[in-house]
A.B. asks: 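Would you mind keeping the following structure in view while I ask a few things?
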Amino acid sequence: MTTQVQQNAEAGVVIENLNLSFGNTHVLKGVNLSIHQGEFFAFLGPSGSGKSTLLRAIAGFGPTPSGRILIEGRDIADLTPWQRDVGMVFQTYALWPHMTVRRNVAFGLEERKIPRKEINERVDRVLEMVGLLKLADRRPSQLSGGQQQRIALARTLVVEPKVLLLDEPLSNLDANLRIQMRREIRELQQKLKLTTIFVTHDQEEANTTSDRMAVLDQGVIQQIGSPMDLYDKPDNLFVAKFLGATNIIQGTVMRDSADQRMFRTDSGTVIPLVDDTAVGGKIVFRPQNVEIRSAVAGAGVEGTGLSGVVHHTEFLGSIIRYGVDVNGDDVLVDHTHRYGESVFRTGDRVELTIAPEGILLLEG
Amino acid sequence: MALRLAGVQRGPAVVGLLIAIFLLLFLLIPVGKVIVVAFQHPATGEATIVNFLDFFNNSLFRESFANSFYVAAMSVLVASIISMPLAYFTTRFNFGGTALIQTLGIIPLIMPPFVGAVAMQLLFGENGSVNLLLDEWFGFTLPFMEGLNGVIFVESIHYFPFILINLSAALGNIDRAMEESAQNLGANGLRLFRRIVFPLAMPGYVAGAALVFIKVFDDLGTPLLLNVNTMLAPQAYLRVSSIGISDPMGYVISVILVGFSLLSLWISLMALKGKDYATVQKGGGGLMKRDLRTWEKAGSYAVIIFILLLVLSPHFGLLLLSFGTIWSFAVLPDAFTLAHYATVFSTATQYIVNTLWYAGLAALLDVILGTAIAYVVWRTELVGRRWLDYGATAALAVPGVVIGIGYLRTFHGVNVPLIDQPLASWWVIIVVAITIRRLPYALRSCIAAIQQLSVSLEEAAENLGATKARTVWRVVIPLMSGGILAGFVTSFATAAVELSATLMLVARESDAPLAYGIYEFMQSAAGRGPGAALGVVAVLFVGIGAYVSHLIIERGKYARSAKSIVAEES
Ligand SMILES: Nc1ncnc2c1ncn2[C@@H]1O[C@H](COP(=O)(O)OP(=O)(O)O)[C@@H](O)[C@H]1O
Ligand SMILES: [Mg+2]
């Protein structure tokens, strides 16, 4: 227990065994997390998985949860939303239409009874920081989506909260602006070294911004780790699928005559495994870990070579994604596209090699 | 290209022109005439403000002016006091009383205030049921119906739903995130209410309050029936009906009534202007609601039931009056009888028949005009098309008394050829007056219907070979039919009880509609029973109408939600 408290002291946000229900609907189920001070942390999950609910519980909104939430080591269960000192940027920005930009941004400082002179300075500084000082006297309705987003951010940052909470902050912006804004948010966060939680359902957004992330499904945290860890070493099928295109093939583990561990798919294809310990009934591998080449007559079937027939091609720009039928299993293969290089067509016989270290064995 | 465009626009242009002529003849010219006469010297006809000086030099008129203003302002105040707790309950709490409150917001509107006025006197008057009981139990009485109090009481019970509906809508439209973000930044309680919730709901409240102010300021029937004549509308009516249409005071009063109506409308427009505070976005959905504790629930229900009793009292009183034999200096009538209904159905059926005709014709005209204007404004590029909308809507700012006086003055010299009598005393003019008065409501219905209609549905029809006219007939009108029908029913129901304009335009008893009949009956003590019976018939008309239009609108909502699913999928 003492060690835990010591840990908490350096952690920005700690959540212990959090459960939350709307009436009879159990929405968050035993959530445990620890977010470091100054870390950019993402909650990633499909719509309805409970990300907003979790974020709002940290801010003090929604039904009272059971379990503990600690911010910089302090349990905030008994604090009202206005005492918590966590800054939240709402998905819809929630800029008050009856106030100018300046009054919107000054609001939190006024509530904190900061002297007027200091308020003005801090508002100017934060508006300068988001690059919108010249729009200070406009109304929110006279701003573009991206500008509203920056003002919402400024309004929260100006009170210098302990934690910054962002609920799908980019979802109301168009695609180009989204990429620009996620960079800006990341840069601001780095500059201010602010503990930040970013909610999104878009894995690319989570990957590009966060230091670590938690993947949620149906109110349960599926896995926590850096974006690359989760992508390369998903703990379960849900995480594997949610983070990008993947091949999942059902079968059983067996040993060949040389006592080498092998995986025999239900359709009879045999694939060697390098990991000698993992168990499970499914192999999982990413399309880019598969090599594809023409099935040259007479070529051996040694190694992990599998033969199949191309039944589907998708041109995605930098890569071509092939769907290959291997004895009835559908295997996706990504092949880097280079100008002038020949491509396979539907019906071509091909041979596949799966990089053995790229194969994961999972239950499910 | 220009030629083709002209061809496409020709039909709408003709329709638009016809509507413009109609509005010009029956709204702008009569009202213009009233204004001109108000500024004309009665003898010489030169432009002058002497009539206005005369008006303000006359102590009776000064008093009437002050009274009208006082009554309208107090009615807004009392209506606000009734509405605020109700609006607060529905938007803040999860509780079953919400449906009850919504019903509460409709019941008063189905009975025109003048119909219930006499019944209210019998319930709340000096010797009315409530005061008799108060006196007996506690030894004191309250002057609910004393003079202006009576008008304020009856009007605020009748008109508070305008504030309730607008205020609830305004509160309900505030995105929860607006409130949460303020809490997140450190605000709570009263400060949060004062800085965020109140300013966001303000435009809705002001819009409702302005509407109540105009309605009360312009109302003729209620003060007349309560025998309060020192107010502006009754003075205008009495001057014109006793001295005649050449007396300038009726016109001066009309100009003042129109001026105040415009002022109120302007204030409510200003309140709403540039403040599209409908801040609910997807995921939002109104302010935070919480569950009530038991004692809070009990308190809320007590308030609601008290207001419900107040609101139902004119209905209840009217029923008692219509079934009672003699009711005077008693808590309840002495005995009950069906005789008043028998009287009504044997001697007063012409009122009912006339009303069915007038209201039916007026409502039909209203939806035809409303659909045509909505189409021209929203679907064509005609220059000046918005003015049709503004013109028709301007009727909102014209009190019935002013329409009445304007028509009398403008059309008394216009002879209708075949029947050889002045247009001003032909029954058709009553229909026209009602049509003009109800047009703004029907128009809103039709505009709402056409705005919900995706243009691509029409483009699809045109793409498949339908002409503009065919498209309107086969696609636009069928899809608008819900809104059109709702507009018809609302117009019909409210037209059935129109009093102020008809009071002036009815030339002979045989042309008189229901509202006029009620007014006539209620003038004498002996006529109150039959008058109340006729009032019950009127309430049934309006009540059934309101219910039917509610059903139509609900069905429309359902259809729309189905439509939005399609939109989301595409
Ligand atoms: N106010 C509420 N009342 C009842 N259920 C709710 C409420 N808000 C959210 N939920 C439910 O909680 C679950 C998680 O919702 P949410 O946290 O908004 O998901 P996410 O943000 O991940 O899309 C959903 O199943 C949703 O239906
Ligand atoms: Mg969400």
Side-chain angles (χ1 to χ4, degrees), chain A residues 23 47-48 52-53 55-56 58-64 79-99 103-114 139-142 148 151-161 163-165 167-168 171-172, chain B residues 92-96 169-207 270-293 568-569:
Chain A
S47 166
S52 295
T53 307
L55 197 74
R56 290 164 55 80
I58 298 171
F61 297 121
T64 310
L79 299 185
T80 60
W82 47 96
Q83 294 166 331
R84 289 197 178 192
D85 212 13
V86 298
M88 177 150 171
V89 175
F90 290 76
Q91 187 172 0
T92 54
Y93 315 141
L95 296 175
W96 301 300
H98 62 297
M99 297 181 184
R103 306 244 8 239
N104 261 284
V105 176
F107 185 93
L109 297 175
E110 288 162 2
E111 291 303 316
R112 283 166 175 70
K113 307 274 190 297
I114 309 279
R139 297 257 170 176
S141 56
Q142 298 166 300
Q148 291 186 15
I151 296 302
L153 203 56
R155 185 175 72 177
T156 305
L157 291 177
V158 76
V159 300
E160 295 171 3
V163 183
L164 176 65
L165 308 178
D167 191 356
E168 310 234 7
S171 62
N172 287 326
Chain B
R92 272 299 182 193
F93 302 133
N94 293 313
F95 102 118
L171 286 169
N173 277 338
I174 300 175
D175 191 331
R176 180 173 312 174
M178 291 284 159
E179 198 182 11
E180 287 178 346
S181 53
Q183 291 186 336
N184 181 255
L185 291 169
N188 70 302
L190 263 184
R191 275 183 70 76
L192 172 66
F193 181 81
R194 186 170 62 72
R195 298 196 61 187
I196 306 293
V197 178
F198 182 72
L200 289 177
M202 195 61 193
Y205 170 73
V206 172
M270 283 301 111
L272 293 169
K273 192 180 161 200
K275 295 178 186 159
D276 191 8
Y277 285 178
T279 56
V280 178
Q281 286 147 340
K282 56 178 182 218
L287 296 170
M288 269 174 270
K289 290 192 179 184
R290 66 177 175 81
D291 294 325
L292 285 168
R293 287 181 275 273
E568 252 164 274
E569 277 173 356

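Sequence lines set the chain letters: A, B, ... in the order given, protein chains first and strands last, and positions in each chain run from 1.
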A.B. asks: Please find the pair of heavy atoms, one from Leu185(B) and one from Arg112(A), that lie closest to each other, and give the distance.
C.D. replies: O-NH1, 2.7 Å
A.B. asks: Can you name the nearest heavy-atom pair linking Ala94(A) to Ala177(B), along with the distance?
C.D. replies: CB-O, 3.4 Å
A.B. asks: Between Asn188(B) and Thr80(A), is there a side-chain heavy-atom distance shorter than 4.5 Å?
C.D. replies: no
A.B. asks: Tell me whether Asn184(B) contacts the main-chain N or O of Val86(A) through its side chain, where contact means a donor paired with an acceptor under 3.5 Å.
C.D. replies: yes
A.B. asks: Is there side-chain contact between Met178(B) and Pro97(A), with at least one heavy-atom pair below 4.5 Å?
C.D. replies: yes
A.B. asks: Decide yes or no for Arg103(A) and Arg195(B): does some side-chain heavy atom of the first lie under 4.5 Å from some side-chain heavy atom of the second?
C.D. replies: yes
A.B. asks: For the interface with chain B, which of Arg84(A), Gln83(A), Arg56(A) has the highest count of heavy-atom pairs at distances below 4.5 Å?
C.D. replies: Arg56(A)
A.B. asks: List for me each residue that meets side-chain hydrogen bond (donor to acceptor under 3.5 Å, both in side chains) alongside Ser52(A), sequence neighbours excluded, and say none if there are none.
C.D. replies: Asp167(A)
A.B. asks: Working to the nearest 0.5 Å, report the span between CG of Leu200(B) and CH2 of Trp96(A).
C.D. replies: 9.5 Å
A.B. asks: Quick one: closest heavy-atom pair of Phe61(A) and Glu180(B), and the distance?
C.D. replies: CZ-O, 3.1 Å
A.B. asks: Side chain to side chain contact (heavy atoms under 4.5 Å, CB included) with Ala187(B): which residues, sequence neighbours excluded?
C.D. replies: Phe107(A), Glu111(A), Ala182(B), Leu192(B)
